[in-house]
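One structure, as structure tokens, below. Some questions next.
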Amino acid sequence: MFDEAWPLPPAVTEMDPEALHASLNDEQRAAVMAVDGPVMVVAGAGTGKTKTLTHRAAELLRRGVHASNILVVTFTNDAAGEIRNRLLDMCGSEGEHIVAGTFHSTIFSQILKGYPESKTLKTLGINMEDGPDGDRCAILSQNDSSKYLRQAFSELSEDDQIQIEHNDWSQKRFEKELTIARAKGLDVLDYSATIRQGQDDALFKRILARAWGRYTDICREHNGIDFDDILVVAAKMLRQEPHIARELGERFQYIMLDEYQDTNRVQMNIMDAIAEGHGNIFMVGDEKQGIYGFRGADTHIFLTVRQRHPGVRLFELPRNYRSGAGIIRHSNALAKAMPQKLSDGQLLAESKAAAREPSVVDFADAEAEARVVVEGIRKRIAAGAQGAEIAVLYRNRSLKMQLEREMIRQNIPFMVVGDKSFYERAEVRDAIALLRFIFKNRAQEDGYRVLKCTRMGLSDERAKKQYMDRNIDVARLLDQMAEERLTQGKKVDGAYPLKDSATKIAPFVGLREALRECVHYGDDPAFVREVLGALWDRYLRPKLALAASRSKEPNADAVFEAQVANVATVFERFEQGLKNGQTVADIFDNFTLMEQDSNESERERMARVRLMTIHASKGLEFPTVFIIGLDSKAMPGTEQEALIDEERRILYVAMTRAQNELIMTYSNSRLEFGQRAQVGASPFLEEIESVTRVPRRYYPHHRDPGNNGGGNHGRGLTN
DNA sequence: GAGGGTCTTATTTTT
DNA sequence: TAAGACCCTC
């Protein structure tokens, strides 16, 4: 293919490797040039991991590998997007056909959708065929799946219910176990087989297995598959139908996996199965940054790579270009305390930026901590810093309460990153429910949701009852009601008043039909969106407007505006999907797979200070980082001995986000569930200080460091 | 069918 | 504290 529209950089395929990789350091280059067989790169924080990954892809292209034979897999859409962009920058149109995506999206599209005739899928009752009616199995949102799981539990036998009640087992606890089990690649049967008579938790597991079985059925009834199941089913396909794995291996000659330390068993099994034929698997990660154990990630997979891939070539990238020397010294001190590492895990500071010495500050209470941190932020912004250059990180959300209050009080713009995902917002879910109810067959749940938020004169409860009693689904029920006599009651002014069904339901049903036909016959997507907008205005908007007018919030208007804009975004995306020729089912899958993009101006975005959990900060970097709430209860955020190592890694991730400035704080007293709790400093701080010998600071007065942790703070600090 | 009151329960979370 | 689930009344 020729692309003559604009001048391209010299084609990667024609470049001299020296020139192509001139910007790499020796270790990076070595990893990049090792293209064949299993390769693992231990890439510490800020050592150019993504750069190495993209250069390696370019090197493959240079050696004549076709782009579509390269597969790059990451964890988040953000990371996948970043890699795609960097590939485009570097390789131009040559890189375009490299398949780069998240585990879930690539496995769904390449494996499940790629082999709809698979026997395994047939046996499981999963239809991946793209039919005209959009009846292909769709990805369930988190919301839907936990709803179905709740339903499954509610349908358990009375005995089971009593046991659950008696033992005080929460749904959450079951859900957690379910995630962990499926991260290992187990399905219900595999899981049941692991239950041993007489085991402590045998009853718990057996009850889970029963609910799990029912849950899977419910998902199928709704023609859906949840996130975890995408992986479990794909792994099963590859196991039971080895020809699929072989074919995929031929298609994807080179596989690259990002964030390998956060891989779980199923993900590992799937990728190993595809790579089995050629063994060209490239794994990048940092065992010191594995922080997703709670959802089944297993750092053990990273540490034992040599056993699974004998002859794997190991490379280490020790040069950190991100952080100042002091920050590296502090981070290294913490790394030293980590028991399980492939190497000593010490980074080399290469950053040339002027950086300050990190500090650890002790406060009497969380209010003082928040006030002083925000004052510090204000000073930095006054001195010319952009809000977006400053991040405040915390172990859990409850730690940010005081901080948010102070940010508002001191009038500093901020954004809470990953606060609520776009698709979790009520109005967005309403809009999507409306779309699905209109365009998808068998969208029962969506129908109920639409009824709930439209006041059409038919309640979701009544519709549910009709479904139970007479097996009439929402769509048919509405059709029937629209056809019923249109008038009711006594004459008013010489005419019979119109029934609700005439004024509300009939137009809705008419528009629904019209829209379905528009899409079916491929009419102008812009027109479709317009009609959708009209539908929303009439049926859904009034409820939001009402809520806004009643709200006591000072910014209710702004909230309403934002909600309206969000819904517009959903419809725009739908239109865009149609324009791109996607099927309705594809568009809906993307709704569940993709994250939002903000419609705020770049300038506004840059002015906002970033508040986020440490987990959300992974992979990011900021000139100035505050880590707050480093007290003994929040960090480690668990009392379980076995989980302490991961907690340490979490703090390590947080510290290594900082480029020039790192300020770590905690307070001796803070609110916990509305109660004031006395806490001490995180033990991790001592692990750091015992190496760095940088003295802790105390606010507002200077106390004797040896006197720390006595708990007698919070009074008499005016000094 | 809607909206208001009470009760309950508290990591981390992406897909 | 504070958000969500659930129930109950108008």
Side-chain angles (χ1 to χ4, degrees), chain A residues 73-80 101-109 139-147 150 168 170-173 175-176 179-180 182-183 225-231 259 262-264 266-267 290-297 366 393-402 404-405 417-421 423-424 426 451-465 500 543 546-547 550 589-595 612-619 629 633-640 643 646-647 649-651 653-654 670-677:
Chain A
V73 187
T74 64
F75 273 84
T76 64
N77 284 303
D78 277 355
T102 63
F103 271 105
H104 288 83
S105 71
T106 40
I107 289 170
F108 187 72
S109 64
I139 300 169
L140 295 170
S141 70
Q142 187 66 263
N143 273 305
D144 286 343
S145 32
S146 60
K147 205 167 57 195
R150 202 172 314 135
D168 207 17
S170 66
Q171 161 120 7
K172 257 229 163 114
R173 195 157 154 201
E175 247 172 87
K176 217 176 215 175
T179 297
I180 300 284
R182 296 199 292 181
I225 182 165
D226 71 25
F227 284 120
D228 291 341
D229 237 12
I230 291 175
L231 305 186
E259 305 276 14
D262 281 325
T263 308
N264 63 34
V266 225
Q267 292 163 338
I291 57 173
Y292 283 102
F294 65 91
R295 66 172 202 222
L393 311 182
Y394 36 83
R395 175 66 181 86
N396 68 58
R397 287 172 196 284
S398 72
L399 295 165
K400 80 170 196 294
M401 257 187 3
Q402 302 296 337
E404 263 181 310
R405 236 170 252 162
V417 177
D419 198 14
K420 203 173 202 182
S421 114
Y423 290 109
E424 277 168 14
L451 292 180
K452 235 185 213 155
C453 57
T454 47
R455 310 188 187 193
M456 228 180 305
L458 169 65
S459 75
D460 59 321
E461 291 301 328
R462 213 173 116 203
K464 273 180 202 163
K465 203 162 174 330
D500 272 0
K543 194 188 156 201
L546 187 71
R550 283 194 191 160
D589 284 337
N590 282 342
F591 278 149
T592 3
L593 281 172
M594 278 187 346
E595 266 299 296
M612 68 191 93
T613 64
I614 296 171
H615 282 82
S617 77
K618 192 163 153 213
K633 263 197 176 161
M635 182 67 83
T638 174
E639 278 160 13
Q640 292 179 60
L643 304 178
E646 178 153 310
E647 296 291 316
R649 295 194 293 265
I650 292 170
L651 179 55
V653 167
R670 67 175 163 87
L671 289 176
E672 197 184 33
F673 309 142
Q675 302 280 305
R676 191 149 287 278

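Proteins come first, then strands; the chains are lettered A, B, ... in the order of their sequence lines, and each starts at number 1. Atom set for the values below is all heavy atoms of this structure, side chains included, hydrogens, waters and symmetry mates excluded.
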With a 4.0 Å cut-off on heavy atoms, is A:Phe75 in touch with a base, just the backbone sugar-phosphate, or nothing at all?
-> sugar-phosphate
Using modelled atom types only, decide if a donor and an acceptor are shared between the side chain of A:Gln267 and the backbone of A:Phe103 within a distance under 3.5 Å.
-> no
In whole angstroms, how far is the C1' atom of B:dA10 from the NZ atom of A:Lys400?
-> 14 Å
Mind checking A:Arg405 for me? I need base, sugar-phosphate or nothing, with any heavy atom below 4.0 Å counting as a touch.
-> sugar-phosphate
Taking A:His615 for its side chain and A:Ile291 for its backbone only, find out whether a donor-acceptor pair lies under 3.5 Å.
-> yes
Length of the CZ-C1' vector between A:Arg397 and C:dA2, whole Å | 14 Å
Take the protein atom CZ of A:Arg150 and the nucleotide atom C1' of C:dA5, then report the distance between them rounded to whole Å.
-> 8 Å
Taking atom P of C:dT1 as reference, at what distance in whole Å does atom CD of A:Glu404 sit?
-> 17 Å
How long is the line joining NZ of A:Lys147 and C1' of C:dC6, in whole Å?
-> 16 Å
Rounded to whole angstrom units, what separation is found between the CD atom of A:Gln171 and the C1' atom of B:dA10?
-> 16 Å
C1' atoms of C:dC6 and B:dT11, separation to the nearest Å | 25 Å
Are any of the side-chain heavy atoms of A:Leu231 and A:Arg182 separated by less than 4.5 Å?
-> no
Can you find a side chain N or O atom of A:Thr613 that sits less than 4.0 Å from OP1 or OP2 on B:dT13?
-> yes
With centres under 5.5 Å and planes under 30° as the test, does A:Phe673 stack with B:dT9?
-> no
Nearest-Å distance for atom pair CG/P, residues A:Asn264 and B:dT15 = 14 Å
Atom CG of A:Leu399 and atom P of B:dT12 are separated, to the nearest Å, by 9 Å
What about A:Arg295, does its side chain sit under 3.5 Å from the base of B:dT14 through a donor-acceptor pair?
-> yes
Salt-bridge contact A:Glu175-A:Lys172 (side-chain N to carboxylate O under 4.0 Å) | no
Considering only C:dA2, B:dT13, B:dT15, which nucleotide approaches the side chain of A:Met401 most closely?
-> C:dA2
Hey, mind stepping through A:Thr74 and A:Glu259 against side chain to side chain contact (heavy atoms under 4.5 Å, CB included) and telling me if it holds?
-> CA-CA 7 Å; A:Thr74 64; A:Glu259 305 276 14; over 6 Å; no
Minimum-distance nucleotide (side-chain atoms of A:Arg395 versus B:dT15, B:dT13, B:dT11) = B:dT11
According to a strict under-4.0 Å criterion, is A:Asn77 in side-chain N/O contact with OP1 or OP2 of B:dT14?
-> no
Report which part of the nucleic acid A:Lys176 touches: base, sugar-phosphate, or nothing (heavy-atom distance under 4.0 Å, all strands).
-> base
